[in-house]
Asks: 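Before anything else, here's the structure in question.
Since we're looking at a predicted model, the values are computed, not measured.
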Amino acid sequence: MYELKKYGHSKNGDTMENKKYQRVVDNNKAPEQRGRNALIAFLVGGLVGMLGEGIIQLLCYYFKISRNEASTYMSVILIFIASLCTALGFFDKLVTKFKCGLLIPITGFAHSMTSAILDYKKEGPISGFGSNMFKLAGSVILYGVVSAWFFGLIRYLIGGSI
């Protein structure tokens with residue numbers, strides 16, 4: 001922040017020139033470790049998938065239910081775990097450590113909705129979390145439905161069954 005002064009101000013005297021500002025930002029930006037982050041996300045996402053598969057296997061074995069029904073219960077269990085971790089305040093710390101491996105699966109969707117509810121709970125159930133719960137998740141739902149419809153149409157047009 002102290003480096004901003006040495007580059008000076010623009011004609012107005014209140015802002016820096018874009019190139020100089022970008023140079024300051026580039027000099028103070030933390031180095032990206034894309035390969036390491038991708039590996040961590042891949043491994044953690046795989047662990048979330050393994051956890052989900054383990055839950056399915058346990059439900060099928062102990063409760064003697066079908067795999068299809070166990071998959072539904074597994075989704076509910078993972079959503080509950082992610083929402084509980086968000087409500088207790090340590091999901092963000094896990095995401096900082098484990099990157100997108102926790103955000104991409106269904107746990108990230110649950111986190112986005114729960115954190116929105118927690119952020120707006122003081123405004124009440126209707127104008128607070130009721131109207132803000134889907135701010136982030138709404139776009140995921142919208143584009144998920146639109147892309148599913150689009151690819152379903154393509155599959156139908158090339159001769160696949162629906």
Side-chain angles (χ1 to χ4, degrees), residues 18 21-22 25-26 28-162:
N18 287 340
Y21 177 75
Q22 190 60 44
V25 169
D26 291 339
N28 295 303
K29 185 170 46 172
E32 292 184 27
Q33 299 174 336
R34 290 184 184 172
R36 181 176 177 269
N37 291 344
L39 180 64
I40 290 170
F42 177 77
L43 292 174
V44 173
L47 287 173
V48 171
M50 283 177 47
L51 174 65
E53 183 61 31
I55 292 170
I56 290 172
Q57 293 296 327
L58 288 172
L59 290 171
C60 288
Y61 182 77
Y62 286 111
F63 295 104
K64 308 292 187 224
I65 58 177
S66 69
R67 182 168 177 80
N68 196 19
E69 193 175 346
S71 297
T72 303
Y73 290 136
M74 178 270 304
S75 296
V76 171
I77 290 169
L78 287 180
I79 288 169
F80 174 76
I81 291 170
S83 296
L84 181 65
C85 290
T86 301
L88 294 175
F90 61 86
F91 194 88
D92 286 329
K93 294 174 187 170
L94 292 173
V95 169
T96 301
K97 192 171 195 170
F98 298 122
K99 315 295 183 227
C100 285
L102 289 175
L103 290 179
I104 299 301
I106 197 166
T107 54
F109 184 76
H111 170 68
S112 71
M113 293 191 63
T114 306
S115 61
I117 289 171
L118 293 173
D119 288 343
Y120 294 101
K121 70 180 178 184
K122 291 182 180 176
E123 295 179 24
I126 304 224
S127 61
F129 60 82
S131 62
N132 292 299
M133 178 171 40
F134 290 103
K135 277 193 171 179
L136 176 62
S139 61
V140 174
I141 294 169
L142 171 70
Y143 291 112
V145 169
V146 169
S147 61
W149 177 85
F150 180 73
F151 289 116
L153 179 65
I154 290 173
R155 181 176 176 187
Y156 177 73
L157 292 175
I158 62 173
S161 63
I162 295 181

Asks: Suppose the criterion is side chain to side chain donor-acceptor pair (under 3.5 Å): which pairs have a residue in residues 84-104, not counting sequence neighbours?
Replies: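 Side chain to side chain donor-acceptor pair (under 3.5 Å) check on residues 84-104 returns Thr86-His111, Asp92-His111.
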
Asks: Are the side chains of Val145 and Trp149 in contact, using a 4.5 Å heavy-atom criterion?
Replies: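 Not in contact.
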
Asks: Got a sec: does the CG of Leu157 have more than 12 other heavy atoms crowding it under 6.0 Å?
Replies: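 Yes, CG of Leu157 has more than 12 neighbouring heavy atoms, counting only those of other groups under 6.0 Å.
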
Asks: For Asn68, does the CG atom sit with more than 12 other heavy atoms under 6.0 Å from it, leaving out its own atoms?
Replies: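 Atom CG in Asn68 is not crowded, with 12 or fewer foreign heavy atoms closer than 6.0 Å.
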
Asks: Provide the closest heavy-atom pair for Thr107 versus Phe91 in the form atom of the first, atom of the second, distance.
Replies: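 Smallest heavy-atom distance, with atoms named: O-CZ, 4.0 Å.
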
Asks: Of the non-hydrogen atoms in Ser75 and Ile106, which two are nearest, and what is the gap between them?
Replies: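 Reported closest heavy-atom pair: CB-CD1, 4.1 Å.
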
Asks: Of all heavy-atom pairs between Ile65 and Leu59, which one has the smallest distance, and what is that distance?
Replies: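 Nearest heavy atoms, Ile65 then Leu59: CG1-O, 3.6 Å.
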
Asks: How many angstroms lie between OG1 in Thr72 and CD1 in Ile56, if you round to the nearest 0.5 Å?
Replies: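 These two atoms lie 9.0 Å from each other.
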
Asks: Side chain of Ser112, backbone of Phe109: donor and acceptor closer than 3.5 Å?
Replies: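 Answer holds: yes.
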
Asks: For the residue pair Tyr73 and Ile55, establish whether any side-chain heavy-atom pair is separated by less than 4.5 Å.
Replies: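 A side-chain contact under 4.5 Å is absent here.
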
Asks: For Leu118 and Ala87, which heavy atoms make the closest approach, and how far apart are they?
Replies: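 Shortest heavy-atom separation between Leu118 and Ala87 comes out as CD1-CA, 3.7 Å.
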
Asks: So, taking the atom named CZ in Phe42 and the one named SG in Cys100, what distance separates them when rounded to the nearest 0.5 Å?
Replies: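 With rounding to 0.5 Å, CZ (Phe42) is 14.5 Å from SG (Cys100).
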
Asks: What pairs of residues pass the salt bridge (charged side-chain N to carboxylate O under 4.0 Å, His left out) test when at least one of them lies in residues 47-69, not counting sequence neighbours?
Replies: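 Found Glu53-Arg67.
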
Asks: Search all heavy atoms of Ser83 against all heavy atoms of Thr114 and return the closest pair with its distance.
Replies: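 Answer, listing the atom of Ser83 first, then Thr114: OG-OG1, 2.9 Å.
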
